[in-house]
There are 2 protein chains.
Amino acid sequence: MARTAKINWVVGDCPAIILVKPQLGENIGATARAMLNCGLTDLRLVQPRDTWPNPQAYAAASGADDILVSARLYETTELAISSLQVVYATTARQRDMVKPVIKPQDAARCMKEAIAVGTTVGVLFGAERSGLNNDDVTLSDAIINISLNPSFNSLNLAQAVLVVCYEWFMATPFATGELSDLDSENWRVPGKTEPVNKADLLYFLTRLEGELDSCGFLQPREQRPTMVRTIRNIFQRARLTDQDVRTLHGIVSGLTRKHER
Amino acid sequence: MARTAKINWVVGDCPAIILVKPQLGENIGATARAMLNCGLTDLRLVQPRDTWPNPQAYAAASGADDILVSARLYETTELAISSLQVVYATTARQRDMVKPVIKPQDAARCMKEAIAVGTTVGVLFGAERSGLNNDDVTLSDAIINISLNPSFNSLNLAQAVLVVCYEWFMATPFATGELSDLDSENWRVPGKTEPVNKADLLYFLTRLEGELDSCGFLQPREQRPTMVRTIRNIFQRARLTDQDVRTLHGIVSGLTRKHER
């Protein structure tokens, strides 16, 4: 399957996502989907409440079945992280612990650096209702504090996973390099049509202004320069293509012909 | 309620989230939760599939009930955006349209800057199964491309909302500690005139299309939707002000009157 082949760009060098005592199959499935959306594939479950495999997880995964099929089950958090070298614990509230507390985007950079030198990394997420208990947090090297609106800080489990995975993805070369053509000033013109050249644009504008002169719109005379500038700026800002300018010529022809018949 | 009081730090100056034809109440509720997690409060629903209010939405909102209670329902996307001045459309795949395509984090910076000068902003999200249709994308000023793993790019609706809201939150002074110098584009046109609201823009476009129908320009009939989209995208891209739209009305009046005398 093409998808399975393509996700190999990250397999083996991405963080493990470890759900500790997840309650709802839907959230496990949504977690798998969010992981695969961001190119992560290593899902580990510690004592999921319901039997596994869980049909509701598959329904919510919306096609990220590979992640669920390869998910590993563990009896304890200790076993789930035993192969890992660096473990982060996610929390929404402050814990009374002496541990580094970092934001998701800083965690992503740290994980990136660690994985780049061959370190194995994982991130712990607690149960829906209560989050990680203090013993599980204690197992971690650092805390990822997903701190958003301080007065409504409880994220859905799969949403918390997405935040961590999304920041991971944004730190990958894939996001920062290959997709960099999607920067804020990318006026991509899909397909066959090109940005119009200025000669053709000016030809259109001159034609339009001629029509507007002849219908009396550009009156009074002393206002004409200002009005022309306003009109030119409108069409200038639209970043027209060749096809757009042909369309605009058609519009002017259509509108002026309307009452000729 | 303490929560309601505290979220005021963003109320009134955050983007609207507009779900177009959402299918599942769970996703509407999860959207509300994700919004409030990130301090957003203005939820608008265009033709939700199920009856509203929807009990499943409240269950999934996990306490973000205020967002659902104050959510507004609309018959059409046009009505839902009519009070807004800048609208983004979210897509996972490329569309065959000439529009700026930006990443969520750049969109967040642009929205921040626009809102800082009093511009009203909203973000459109399509239905679970199919996303936004082309006509809805055409209503937007720019496309937010939530482009993650290219081989598994379909995000759950509420997850897509979270990505946009999370980037919004990360761009707020609340998250960054200060407003850094924002180099993204300023949508405000200097001077006394304001960016046109969508109701006035759509009124103009509808009028223009009416004139083009009556002069036979929008023929043959099966090509009409494509031609209308091209025309709407031209004027959408121009970032029109109130004054620009008055000018364009004058142009259409002038051109159509020309041969009436």
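Chain identifiers are assigned alphabetically (A, B, ...) following the order of the sequence lines, protein sequences preceding nucleic acid strands; residue numbering begins at 1 within each chain.
Here B/R33 is the residue among B/E26, B/M227, B/Q243, B/R33 with the most heavy-atom pairs under 4.5 Å with chain A. With respect to chain A, the highest number of heavy-atom pairs below 4.5 Å among B/N153, B/N233, B/I234 belongs to B/I234. Taking A/A30, A/S147, A/C165, A/A158 one by one and counting their heavy-atom pairs under 4.5 Å with chain B, the maximum is reached by A/A158. When each of A/L155, A/L212, A/T230 is scored by its heavy-atom pairs under 4.5 Å with chain B, the top score falls to A/L155.
Between atom CG of residue A/L148 and atom CG of residue B/L40 there is a gap of 11.0 Å, rounded to the nearest 0.5 Å. Distance check, rounded to the nearest 0.5 Å: CE of A/M170 to NZ of B/K103 gives 5.5 Å. Summarising the geometry, atom SG belonging to A/C215 is positioned 9.0 Å from atom CD1 belonging to B/I251; distances are rounded to the nearest 0.5 Å. The line from CZ of A/F235 to CG of B/L248 is 6.0 Å long, rounded to the nearest 0.5 Å. For the atom pair CD of A/Q159 and OH of B/Y166, the computed distance is 12.5 Å after rounding to the nearest 0.5 Å.
With a 4.5 Å cut-off on non-hydrogen atoms, A/A92 does not touch chain B at all. In this structure, chain A has heavy atoms under 4.5 Å from both the backbone and the side chain of B/T247. Using a 4.5 Å cut-off between heavy atoms, B/I231 contacts chain A through its side chain alone, with no backbone atom that close. For B/I143, no part lies under 4.5 angstrom from a heavy atom of chain A. In this structure, no portion of A/E128 lies under 4.5 Å from any heavy atom of chain B. The parts of A/N156 that come within reach of chain B are both its backbone and its side chain, each placing non-hydrogen atoms under 4.5 angstrom from that chain. For A/L218, no part sits under 4.5 Å from any heavy atom of chain B, backbone or side chain. For A/S154, the parts sitting under 4.5 Å from any heavy atom of chain B are the backbone and the side chain alike. With a 4.5 Å cut-off on non-hydrogen atoms, B/A61 touches chain A through its backbone but not through its side chain. Looking at B/E209, neither its backbone nor its side chain comes within 4.5 Å of chain A, counting heavy atoms on both sides. In this structure, the portion of B/L208 lying under 4.5 Å from any heavy atom of chain A is its side chain and not its backbone.
In this structure, A/N37 contributes its side chain and B/F152 its backbone to a donor-acceptor pair below 3.5 Å.
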